[in-house]
Structures are given as structure tokens and as C-alpha cells.
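Beneath this line is the structure, given in C-alpha cells, with notes to follow.
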Amino acid sequence: MTTTETPDVLHRIMDYSTRADPYPLYAELRKTPVARQEDGSFVISTYRELTDILHNPHLSSDVRNLSRPMSAAEGRTTPPFINLDPPEHDRLRRMAMRHFGPPNTPGLVTSLEPDLSATVSSLIDGFAGREQIDIVDDFAYPFPVTVICHLLGVPREDEPRFHVWVDAMIASIDYNPEIDPKEKLENGLQAGKDLDQYLIGLLEQRRGRPGDDLLARLVNDDGPDGRMTDAEIAATAHLLLIAGHETTVNLITNGMLTLLRHPPVLQRLRDEPGLVVPLVEELLRYEPPVHIIPWRAAYNDITVADTVIPKGSQIMLMLASGSRDPDRFHEPDRFDPDRRDNQHLGFGSGIHLCFGGPLARRETQIALTELVRRLDRPSLVADPPPYRRSPILRGPIHLHVEQG
């Protein structure tokens, strides 16, 4: 339980060549629960230490509290609430939740189910007569994008426009040695500004015109906490637009890949559709859409696993490693939809528990149930499939499947 420097393991995890299966490296990393890196940052990889730190009030999600601030923070004067701490985080999250879920809109996800099912059915109808499909391009990407555009009030036809910005922003936090970090960062910052300006333009169209979409509600509603500024609304919408589809794409695609690798479970889901609820929870543990939280900052010196982490240190949280920790989960490398007590870290934990988790769960439940029911003897074209470059948002960039 002592701190040692293990940069080689982390560098191998970040290397694209290990993207298809980083789990043996996570096991190696867990030998040192809190590992100090050469640059002075700390990597936490075990379940107990991760849950402790995610609930630690002395930890900051605001990169401006790092002793060596990330330059990415300089390009954004109004961060989304996911990158803020209480009380500002709590105020903004509470204001957004008034229109996105309990307690003010408890039936939101349920009310969307007919539209979710219709969108899924329409996309699968498009597979008719095709021997090969790409689960990502033909299904897992267009489905959640359509849903989040509808919820926010973003025109679906603008997707090609904001897709370019989102890709640039995700690339800016990617560990790709082939691209100059400064160039990636500048491109990501500019893309973020372009997306914010686009969203502020949509707000102007809705000001004084109440509607059912989230942008209209936020720009026109005065709740107990008052009203968000335009910059705060844009930052919130910016976060929801990205998180509302990027992570769900991974979850659906990782789910279908896992089922195709486990034919008895796929057949069981076809025969027992109710299995999908615990199955998706096991997917969130076994093949989660988000593997790493790349930074937290310590407000003060803190002690984790007998290791002192100095104030202002960057702390990297390896969530996917924690969800495969054998000290917490029995046979963690086995996919088991009947697993009990499955308190995974697939949506994080603590005050930053995934805002859109209930929607992502239901989207994935409906998507996998219908794919399994309607695809004709599906099989993988390539295993492993090609993966996205990002070790943070990990999932296949394509998943080609043959039918019949």
C-alpha cells in the first residue's frame, strides 16, 4: 500500500496498441493502489480507494485548483458544472435537474420511451436486406444523437456541424503521440468556443418563447435558484450534448460486442428480455463507456492508502480498473449478468454521479433488446474491432456485424 513510481504501466495503458484489452494492465496497476508518476501526479486504481476519493470533500473537480493548472482551463471562463465544486456545482446541477429528472420532472425518461422505441425500430428497419452492418455508424451513434438533440432542442440536421466540434474537443484530451499536443489543445479550445456560440444562438431564438425542450426551459424559467446566465446555459448544454451521446454510443457498442462474444448470454436475452436490466448494469462494470477521470485536484494534503498526496496534485482516477478489482468483485473478469451487489463505477460516484445515467441506461436497454431480437444470426466480422484512440472514452470506432 505504499507509493511507488510506475509510469511504464500507465504509458502502456495510454498507448493505442493496448486499447482493445487494457484490463491486464489495470491488474498490474492495482498492485500499487496509489501510484506516483514521474510528473508528480497520482494514479488511483483500486475500488476502495476510488470510492473513498470520489466521496472525499477535500477533492476538487476544478482544474484551476491544480498546482500546475491545465492550459485547457484558460480557454473557458464558464466551465460546465462537472468541472466545478460545491456550492457552484450544486446550484447549477440542481437548476439543470429541474428540467431533466427527479424530483421536478420524475417521468422524463419514461415519457421518452415510445420515441426511443420508435427510433430504434426505424434504424433496425434500415438493416433489411443488408448482409453487413456497422453497429456504430448505422445504429449506436444516430440513436442517442437523435435523442439528445430532441431533448435539448438542437436541430438534428445540424449534427454534421457539431460532430466536427465534438470530435476536436475529445481529441484534445486524447493521448495520441502522432499529433502535436499544442495543436490538439488549440483545436479543442476553438471547437469548444464555436459550439458555445452555436448554442447561444439557439438560446436567442428561444428567449421569451417558452417550449418543452431543455434550452427553452432554461432560458425562460426562474426556479428557486433563479435563472442561469446564457454562458451557464451554454456550458450545461455543451456538457449534455457531448455526454448525452458520446458515452451512450460506447455503452451500446461495447454491449453488442460483449453479447456477440458470449452467445449463450445473447440467446438468453432473446428468450428473456427482462434480463436486460441487470445485464446493462454488468456491462457498466465489465465494459464501461468511460474508463478514466483524467484529473481531480487536492484542496489540501490528503492521505489515501497510507500515501500522502500533496495539495494541488493532479489525481487520475482509473474507474474501469476499480470495477474489475478482485477485492471487491468475485471473478471480476467474467461477464455475469446475474451478478449481485453490482455497485460498479461505470457512472462514477459521489456528487458527480453521471447526470444522464437513467437515460443512458434506458437507451441501452431498449437498443440491446431490439438488436438481439431482430438481427438474424449476427456474428462479428473482426474481433477485436478497431477502437477509438481515446483511452478515456473507450469503445470501438466501428463494429461490423454480419447477418444471416
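- Residues forming a salt bridge (Lys or Arg N to Asp or Glu O under 4.0 Å) with Asp85 (at least two apart in sequence, or on another chain): none.
- Using modelled atom types, one side-chain atom of Arg339 and one backbone atom of Arg334 make a donor-acceptor pair closer than 3.5 Å.
- Here Ser45 contributes atom OG and Leu50 contributes atom CG; the two are 7.0 Å apart, rounded to the nearest 0.5 Å.
- Summarising the local packing, CD of Glu157 is surrounded by more than 12 heavy atoms from other residues, nucleotides or ligands at distances under 6.0 Å.
- For the pair Arg324 and Tyr286, the cation-pi criterion (under 6.0 Å, within 45° of the ring axis) is fulfilled.
- Remark: the backbone N or O of His400 is not paired with any side-chain donor or acceptor of His398 at under 3.5 angstrom.
- Looking at Asp15, its side chain never comes within 3.5 Å of a backbone N or O of His11 through a donor-acceptor pair.
- Nearest heavy atoms, Ile44 versus Ile315: CD1-CG2, 3.7 Å.
- By the ring-ring contact (aromatic ring centres under 6.0 Å, His included) test, Phe355 is found to be paired with Phe81, Phe100, residues two or more places apart in sequence or in another chain being considered.
- Taking the centre and axis of the six-membered ring of Tyr387, the NZ or CZ atom of Arg19 falls outside the cone set by 45° and 6.0 Å.
- A donor-acceptor pair is defined here as one N or O able to donate and one able to accept, closer than 3.5 Å; no such pair exists between the side chain of Glu131 and the backbone of Gln403.
- Across every non-hydrogen atom of Val265 and Pro337, the tightest pair is CG1-CG, 4.1 Å.
- Under the side chain to side chain donor-acceptor pair (under 3.5 Å) criterion, Glu159 pairs with Tyr141, His163, not counting sequence neighbours.
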**Message:** Using side chain to side chain contact (heavy atoms under 4.5 Å, CB included), reason through Leu345 and Thr51 one step at a time and then give a plain yes or no.
**Reply:** CA-CA 8 Å; Leu345 300 175; Thr51 51; 3.8 Å; yes
**Request:** Check the pair Asp52, Val304 against side chain to side chain contact (heavy atoms under 4.5 Å, CB included), reporting the backbone distance first and the verdict last.
**Result:** CA-CA 8 Å; Asp52 285 351; Val304 183; 5.8 Å; no
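- Taking the side chain as every heavy atom from C-beta outward, Glu402 and Ile133 never approach each other to under 4.5 Å.
- Within the 4.5 Å cutoff, side-chain heavy atoms of Leu112 are placed close to those of His150.
- The main-chain N or O of Ile309 is never found under 3.5 Å from a side-chain atom of Ser313 such that the two would form a donor-acceptor pair.
- Judged as a ring pair (Phe, Tyr, Trp, His ring centres under 6.0 Å), the pairs with a partner in residues 186-221 (not counting sequence neighbours) are, in order, Trp165-Tyr198.
- Residues meeting the salt bridge (Lys or Arg N to Asp or Glu O under 4.0 Å) test with Glu363, sequence neighbours left out: none.
- Among all heavy-atom pairs drawn from Ala237 and Leu215, the shortest one is CB-CD2, 3.7 Å.
- To the nearest 0.5 Å, atom CG of residue Leu269 and atom CD of residue Gln365 are 10.5 Å apart.
- Checked by atom type and distance alone, the side chain of Ser121 never pairs as donor or acceptor with a backbone atom of Ala118 at under 3.5 Å.
- Using a 4.0 Å cut-off between charged nitrogen and carboxylate oxygen, Arg48 and Asp325 do not count as a salt-bridge pair.
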**Request:** Carefully, step by step, assess Phe162 and Cys149 under the rule side chain to side chain contact (heavy atoms under 4.5 Å, CB included).
**Result:** CA-CA 11 Å; Phe162 67 72; Cys149 283; 3.7 Å; yes
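- With no hydrogens or angles considered, a side-chain donor-acceptor pair links Tyr26 and His291 at under 3.5 Å.
- For His330 (side chain) and Pro326 (main-chain N/O), no donor-acceptor pair under 3.5 Å exists by modelled atom type.
- A salt bridge links Asp138 to Arg130: one of the charged nitrogens lies within less than 4.0 Å of a carboxylate oxygen.
- A ring pair (Phe, Tyr, Trp, His ring centres under 6.0 Å) check over residues 45-64, counting only residues at least two apart or in different chains, returns the pairs Tyr47-Phe329.
- Remark: Gln190 CD to Leu195 CG distance equals 11.5 Å, nearest 0.5 Å.
- Separating the CG atom in Leu399 from the CG atom in Leu260 is a distance of 6.5 Å, to the nearest 0.5 Å.
- Closest of all the heavy-atom pairs between Leu203 and Asp230 is CD1-O, 3.8 Å.
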Which pairs would a plain distance check flag for residues 377-384, meaning a side-chain donor or acceptor within less than 3.5 Å of a matching protein atom at least two apart in sequence or in another chain?
unit_1 : atom_1 : unit_2 : atom_2 : d
Asp383 : OD1    : Arg261 : NE     : 3.1
Asp383 : OD1    : Arg261 : NH2    : 2.6
Asp383 : OD2    : Arg261 : NE     : 3.3

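- To the nearest 0.5 Å, atoms CG (Leu108) and CG (Leu359) are separated by 7.5 Å.
- Evaluation of the ring pair (Phe, Tyr, Trp, His ring centres under 6.0 Å) test over residues 249-279, restricted to residues two or more places apart or in two chains, returns His262-Phe335.
- No donor-acceptor distance shorter than 3.5 angstrom exists from the side chain of Thr32 to the backbone of Val34, with no hydrogens or angles considered.
- Not a single salt bridge (Lys or Arg N to Asp or Glu O under 4.0 Å) links Arg296 to another residue, sequence neighbours left out.
- Judged purely by distance below 3.5 Å, without hydrogens or angles, the side chains of Asp39 and Ser41 pair a donor atom with an acceptor atom.
- Checked options Glu287, Glu282, Glu281; the residue passing with Arg285 is Glu282 (criterion: salt bridge (Lys or Arg N to Asp or Glu O under 4.0 Å)).
- Without hydrogens or angle criteria, Gln205 side chain to Leu202 main chain gives no donor-acceptor distance under 3.5 Å.
- Not counting sequence neighbours, the partners of Arg388 by the salt bridge (Lys or Arg N to Asp or Glu O under 4.0 Å) test are Glu246.
- Ion pairing between Asp341 and Arg328 holds under the 4.0 Å rule for side-chain N and carboxylate O.
- Look at Arg91 and Asp225 and you find no salt bridge, because none of the NZ, NE, NH1 or NH2 atoms lies under 4.0 Å from a carboxylate O.
- For the residue pair Ala234 and Leu199, the shortest heavy atom distance occurs at O-CD1, 3.6 Å.
- Ring-plane geometry between Phe139 and Phe143 is classed as tilted, the angle between the planes lying from 30 to 60 degrees on a 0 to 90 degree scale.
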**Prompt:** Please walk me through it: do Gln314 and Gln37 pass side chain to side chain contact (heavy atoms under 4.5 Å, CB included)?
**Reply:** CA-CA 10 Å; Gln314 180 182 349; Gln37 305 302 296; over 6 Å; no
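- Taking CD1 of Ile292 as the reference point, atom CG of Leu319 lies at 8.5 Å (rounded to 0.5 Å).
- Checked by atom type and distance alone, the side chain of Arg30 pairs as donor or acceptor with a backbone atom of Ser321 at under 3.5 Å.
- Between Asp221 and Arg98 there is a salt bridge, with a side-chain nitrogen of the basic residue lying less than 4.0 Å from a carboxylate oxygen of the acidic one.
- Residues satisfying the side chain to side chain donor-acceptor pair (under 3.5 Å) test with Thr46, not counting sequence neighbours, are Glu49.
- Of all the heavy atoms in Gly192 and Met169, the pair that sits closest is CA-SD, 3.5 Å.
- Sorted by first and then second residue, the side-chain hydrogen bond (donor to acceptor under 3.5 Å, both in side chains) pairs involving residues 209-220 (not counting sequence neighbours) are Arg206-Asp213.
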